[in-house]
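Atoms considered below: every heavy atom in the structure, side chains included; atoms not considered: hydrogens, waters and symmetry mates.
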Amino acid sequence: MTTDDGVLTGIDALVRDGFRALGGSRVGLVTNHTGLTRDGRAAIDVLHSAPNVSLEALFGPEHGIRGEVDEHVADGQDDKTGLPIWSLYGARTRPTTQQLAGLDTLVFDIQDIGCRFYTYLSTLGHVLEAASAAALRVVVLDRPNPIGGLAAEGPLADAEALSFVAYHPVPVRHGLTLGEMARLLHAEKSLTCPLEVIACEGWHRGDWYDATGLVWTNPSPNM
């Protein structure tokens with residue numbers, strides 16, 4: 001394990017680079033309470049105030065934008081920005097054509113746990129599928145795999161029994177970041193959406209989360 005305290009997540013790299021990857025974009029942001037910069041600012045607030053970026057809508061996964069709901073999540077409105085929040089864990093699990101109207105880019109920023117059955121991986125897959133159908137670009141702001149990126153353990157999900165807690169035939173402990181998983185899904189499912197992954201920097205695959213210098217936020221109330 002390293003003691004590197006200089007790890008930057010994808011959103012940190014995006015901010016450092018002056019939001020160049022999103023310049024002129026009309027953005028829908030898929031995020032929750034784990035979408036934070038290294039200094040603790042919410043991705044929602046950062047993108048809402050970013051120059052030459054128009055944040056138009058928010059999409060929340062299981063447990064909601066704030067990570068507090070342990071049941072199906074309703075649509076809503078963000079108190080601070082006034083933006084609509086469309087739930088991806090309730091009446092639907094993927095953005096609709098109507099919700100994507102007027103957007104050209106979906107940005108994904110959620111901290112995964114590194115296990116197949118946490119549904120953020122499924123949400124990522126459904127977002128990629130919806131973006132492909134609507135001809136939108138997807139930008140994944142990557143984050144470290146908190147249990148390391150060297151080991152893969154456990155059986156593969158059965159191809160004939162896939163579900164929202166087993167979206168793709170990968171091991172229980174898959175050893176990938178969600179940015180890497182996005183590239184895998186994009187290739188193996190022959191998806192057509194333009195995909196860009198803004199990688200985390202300074203993270204070594206052997207590192208567990210406590211070696212990153214980042215503050216841990218539980219992705220789920222069940223953790």
Side-chain angles (χ1 to χ4, degrees), residues 1-2 7 9-10 30-32 34-35 59-64 67 70-73 87-90 92-95 106-133 136 138-200 203-212 214 216-223:
M1 179 180 296
T2 72
V7 174
T9 64
V30 187
T31 193
N32 64 5
T34 67
F59 296 88
E62 184 178 5
H63 308 304
D70 199 16
E71 56 189 17
H72 283 176
V73 183
S87 172
L88 302 182
Y89 191 78
R92 72 197 74 84
T93 60
R94 68 190 68 217
L106 287 173
V107 175
F108 189 100
D109 186 14
I110 294 175
Q111 175 63 61
D112 188 38
I113 190 58
C115 295
R116 180 182 70 216
F117 46 77
Y118 274 82
T119 60
Y120 304 132
L121 186 161
S122 301
T123 296
L124 172 63
H126 286 184
V127 164
L128 290 168
E129 290 176 6
S132 294
L136 301 186
V138 176
V139 176
V140 178
L141 303 179
D142 212 2
R143 295 180 174 273
N145 185 319
I147 54 176
L150 294 178
E153 298 178 312
L156 295 177
D158 294 329
E160 68 277 9
L162 298 179
S163 69
F164 202 57
V165 291
Y167 173 76
H168 195 65
V170 295
V172 173
R173 178 180 179 180
H174 51 70
L176 301 178
T177 68
L178 283 187
E180 293 166 342
M181 187 65 74
R183 290 193 180 107
L184 181 148
L185 297 175
H186 193 271
E188 294 197 353
K189 289 181 169 289
S190 300
L191 298 174
T192 58
C193 59
L195 172 64
E196 180 175 355
V197 176
I198 300 182
C200 38
W203 178 64
H204 306 288
R205 302 202 70 83
D207 289 352
W208 287 50
Y209 201 86
D210 58 355
T212 66
L214 300 169
W216 175 253
T217 301
N218 269 350
S220 163
N222 300 317
M223 185 162 300

_Minimum side-chain heavy-atom gap Val127-Phe59 below 4.5 Å_ = no
_Using only atom types and a distance under 3.5 Å, with no angle test, would you say the side chain of Asp112 pairs donor to acceptor with the backbone of Leu178?_
no
_I need the minimum non-hydrogen distance between Pro155 and Arg116, along with the two atoms involved._
O-NH1, 2.9 Å
_Heavy-atom closest contact (Cys193 atom, Val138 atom, distance)_ = SG-CG2, 4.1 Å
*Any chance you could measure His63, atom NE2, to Tyr120, atom OH, to the nearest 0.5 Å?*
4.5 Å
*asked:* Determine whether a donor-acceptor pair (N or O, by modelled atom type, separation under 3.5 Å) exists between the side chain of Arg205 and the backbone of Gly175.
replied: yes
_Any Thr177 side-chain heavy atom under 4.5 Å of Trp203 side chain_ = yes
*Could you check if a side-chain atom of Leu184 sits within less than 4.5 angstrom of a side-chain atom of His168, using non-hydrogen atoms only?*
yes
_Can you give me the closest heavy-atom contact between Pro146 and Trp216, atom names plus distance?_
CB-CZ3, 3.7 Å
_Would the distance check show the side chain of Arg92 and the main-chain N or O of Ser87 forming a donor-acceptor pair, the cut-off being under 3.5 Å?_
yes
*Name the orientation class of the two ring planes belonging to Phe164 and His126 (parallel below 30°, tilted from 30 to 60°, perpendicular beyond 60°).*
tilted
*Where is the tightest heavy-atom contact between Val140 and Ala182, given as atom of each residue plus distance?*
CG2-CB, 3.9 Å
*Distance, nearest 0.5 Å, that separates CG of Leu124 from CG of Leu106*: 11.0 Å
*So, do Leu191 and Glu129 sit near enough that their side-chain heavy atoms are less than 4.5 Å apart?*
yes
_Over all atoms of both residues, closest heavy-atom pair of Leu195 and Leu128_ = CD1-CD2, 4.1 Å
*Thr31 side chain to Asp109 main-chain N or O, any donor-acceptor pair under 3.5 Å?*
yes
_Within this structure, what is the CD-CG distance for the pair Glu180 and Asn145, rounded to the nearest 0.5 Å?_
8.0 Å
*asked:* Between Leu214 and Pro144, is there a side-chain heavy-atom distance shorter than 4.5 Å?
replied: yes
*asked:* In the structure I gave you, are the side-chain heavy atoms of Arg183 and Val197 within less than 4.5 Å of one another anywhere?
replied: yes
*asked:* Could you measure the distance from the OG1 atom of Thr123 to the OH atom of Tyr118? Nearest 0.5 Å is fine.
replied: 14.0 Å
*Check whether any side-chain heavy atom of Val165 lies under 4.5 Å from a side-chain heavy atom of Ser122, and answer yes or no.*
no
*Within the side chain of Thr34, is there an N or O that forms a donor-acceptor pair under 3.5 Å with the backbone of Pro219?*
no
*State, yes or no, whether a side-chain contact exists between Thr9 and Leu141 at a heavy-atom distance under 4.5 Å.*
no
*So, His174 side chain and Leu176 main chain: donor-acceptor pair closer than 3.5 Å or not?*
yes
*Is a side-chain donor or acceptor of Arg173 paired with a backbone partner of Ile147 at a separation under 3.5 angstrom?*
yes
*Euclidean distance, Met181 CE relative to Phe108 CZ, rounded to 0.5 Å*: 11.0 Å
*asked:* Test your reading of the model: is there a side-chain donor-acceptor pair from Ser132 to the backbone of Thr192, 3.5 Å cut-off?
replied: yes
*About how many Å separate CG of Leu162 and OH of Tyr167, when rounded to the nearest 0.5 Å?*
9.5 Å
